[in-house]
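Encoded as structure tokens, the structure appears first; notes follow it.
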Amino acid sequence: MSTTPAQRIGEVGARLAAEGVDDRLADDLVRRIVDVIGNSLAATREEPARIAGAVATEWGGNPAATAIGLPQGLPAPSAALVNGTLAHSLDFDDTHLPSVLHPSAAVVPAALATAERVGAGGRALLTAAAMGIEVTCRLGMAGYDEDLGNSVFFEHGQHATAICGAVGAAVASGMLQGLDADRLTSVVGIAASMGAGVIEANRTGGTIKRVHCGWAAHAGVVAADLARHGLTGPPTVIEGRFGFLRAFCGERVHPERVTDGLGEQWETPGVFFKPYPCNHFTHAGVDAALRLRERGVTADEVRELVLGVPAPVMRTIAEPVEEKARPRSGYHAAFSGPYTVAAALIGGGGLGVFHEDFTDAAAADPRRLDLAGRVRVVADDEATAGFPRQFPAVLTAELTDGSTVTERVTANRGGPQRPLSADELAAKFTGNAERAVSPGDATAIVASLWDLRDDRAVAEVMTGLQNATNCTAQRNN
């Protein structure tokens, strides 16, 4: 029998664990870890973080890894649950296109927890996280259909981030545990039975989606632990008749995308960083609204705003119409095309809109709701043609004097065509981190994360992070 995709992942994972990755890729991974840690620090006061932390604390166990925002350590799978929940809670995590998933928020927490538990250095962490993110992206691409112009996972209401992310997280954890190629193959086979997530919450509410990456990270560590103790998985788990891709996506699958160039050609550096803490489908609309502001358009002179978006995203940011025009909470406002356009045009924080624009109070602000009620979201053919390699938008303001002003955004900010500058990434991290730690501690945390390139022990970095959050918590009590 020829080498299966799972076996190929095992072979490449074992080789990379021994050889490492080059400095260019290592630097990219540090940026992603900095992004994940910043997003996680910003989410420590969110209710899903409290819930995940309470559950994991109830479970108890060996305090082997850091759970961000908690005073005590937790077992590695529990820490991964908490940190993955934090990483995804504010919808600020990076995005791979066209698979439309968020790989780092599932993989990095699993890798950090495992690395801390086993005493790994920074280079091993960066290598394992790179491979885990790569596997996640490639599994997502295997379920992307060119004719459909969308992810089959998404079309089925499945959250590819959580489903594919569990496998990527497991591979990263297994590499850090020193598993050989055969056991890494089993890691893939085990984790394929653990990934899950449906995305109805994007449409009508609930906070469950915020735990999806936490559960994927948790499942990944557990899968790797089971493989280390001898549990096995089917080598044909990815492409088989009853395997991962067929089970989730049916016949519209491309298993060759999982392994073509694996370990040599990398999807990871092209993953988009998010400039705004809201659903990625809303970002081009935010950019267009910011451009209207730059041209002098104000909310008071707008009769109507027409937001044209790719047809497939209507279900997430435009429907049900009444829910999106008047989001029921700050979190749900982050999935509203009308609200995010209104917030940006009125004037938001950070790089355009920021956390203060997605509080419950902001989502209930009469001026924002009034303007959101004047936003009509429609499917736009040109935007649809660019989807999902970009999430384009065209925004037309019909003004009270009868004139119209239009802005079209074809490439998303934060991606390879419009990358965030070093200063913008630093501003994002600082704005995030200072919600949980002092400015001085935020600076020290970034410096320690960059030390991972020089193989600083992951446990030292995470201990410093935990000390910083504990000190802030004590000062606030």
Side-chain angles (χ1 to χ4, degrees), residues 1-19 56 59-65 73-81 84 106-107 109-121 124-125 127-129 131-132 134-136 139 162-196 214-248 255 258-259 262-263 458-459:
M1 184 176 70
S2 60
T3 301
T4 69
Q7 289 170 331
R8 182 62 182 152
I9 290 171
E11 291 171 356
V12 174
R15 174 176 64 80
L16 287 174
E19 297 176 357
W59 288 344
N62 179 31
L74 293 173
S78 299
L81 170 66
V107 173
L112 285 170
T114 306
E116 189 174 5
R117 184 181 70 186
V118 303
L125 168 71
T127 298
M131 183 63 178
E134 190 70 16
V135 169
T136 302
L139 287 173
I163 295 165
C164 302
V167 181
V171 170
S173 181
M175 290 171 63
L176 285 160
Q177 294 188 47
L179 302 188
D180 62 17
D182 287 341
R183 291 206 172 183
L184 284 175
T185 300
S186 280
V187 162
V188 176
I190 296 166
S193 288
M194 295 183 168
W215 191 254
H218 170 85
V221 178
V222 170
D225 286 350
L226 291 170
R228 176 167 52 83
H229 282 278
L231 197 71
T232 58
T236 56
V237 69
I238 291 175
E239 81 288 2
R241 173 63 184 85
F242 298 116
F244 179 89
L245 292 176
R246 293 285 184 90
F248 285 109
V258 178
T259 54
L262 183 65
V458 176

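Below, all heavy atoms of this structure are taken into account, side chains as well, without hydrogens, waters or symmetry copies.
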Item to check | Gly240 to Arg246 - nearest heavy-atom pair and separation | outcome: O-CG, 3.5 Å
Item to check | Atom pair NE2/CG of His229 and Asp225 - distance to nearest 0.5 Å | outcome: 6.0 Å
Next on the checklist: On a heavy-atom basis, which atom in Leu125 and which in Ala115 lie closest, and how many Å separate them?
Outcome noted: CD1-CB, 4.1 Å
Next on the checklist: Using modelled atom types and a 3.5 Å cut-off, is there a donor and acceptor pairing between side-chain atoms of Thr114 and backbone atoms of Ala110?
Outcome noted: yes
Next on the checklist: Measuring from atom CD of Glu116 to atom CG of Leu176, what distance do you get when rounded to the nearest 0.5 angstrom?
Outcome noted: 12.0 Å
Next on the checklist: Measuring from atom CG of Leu139 to atom CG of Leu245, what distance do you get when rounded to the nearest 0.5 angstrom?
Outcome noted: 6.5 Å
Checklist entry - Closest heavy-atom contact between Ala169 and Ala106? => result CB-O, 3.7 Å
Checklist entry - Would Val458 and Leu112 satisfy side chain to side chain contact (heavy atoms under 4.5 Å, CB included), going step by step from the backbone distance to the final call? => result CA-CA 7 Å; Val458 176; Leu112 285 170; 4.1 Å; yes
Item to check | Thr259, Asp180, Thr3 screened by side-chain contact (heavy atoms from CB on, under 4.5 Å) with Glu11, the one that passes | outcome: Thr3
Next on the checklist: Under a 3.5 Å distance rule, please check whether Gln7 uses its side chain to pair with a backbone N or O of Thr4 as donor and acceptor.
Outcome noted: yes
Checklist entry - Could you state the interatomic distance from CZ (Phe244) to CD1 (Ile163), rounded to the nearest 0.5 Å? => result 6.5 Å
Checklist entry - If you look at every heavy atom in Pro75 and Gly60, which pair is closest and at what distance? => result CG-O, 3.3 Å
Item to check | side chain to side chain contact (heavy atoms under 4.5 Å, CB included) between Leu81 and Trp59, intermediate numbers included | outcome: CA-CA 12 Å; Leu81 170 66; Trp59 288 344; 3.8 Å; yes
Next on the checklist: Rounded to the nearest 0.5 Å, what separates atom CE in Met175 from atom CD1 in Ile9?
Outcome noted: 11.5 Å
Checklist entry - Which pair of heavy atoms, one from Ala128 and one from Ala172, lies closest together, and at what distance? => result O-CB, 3.3 Å
Checklist entry - Tell me, do Leu262 and Met131 make a side-chain contact under 4.5 Å, heavy atoms counted? => result yes
Checklist entry - Between His218 (side chain) and Ala80 (backbone), is there a donor-acceptor pair under 3.5 Å? => result no
May I have the list of side-chain donor-acceptor pairs in residues 183-196 shorter than 3.5 Å, sequence neighbours left out?
{"unit_1": "Arg183", "atom_1": "NH1", "unit_2": "Arg228", "atom_2": "O", "d": "2.6"}
{"unit_1": "Thr185", "atom_1": "OG1", "unit_2": "Ala181", "atom_2": "O", "d": "2.9"}
{"unit_1": "Ser186", "atom_1": "OG", "unit_2": "Gly233", "atom_2": "N", "d": "3.2"}

Checklist entry - Which atom pair, heavy atoms only, marks the closest approach of Pro5 to Ile238? => result CB-CD1, 3.8 Å
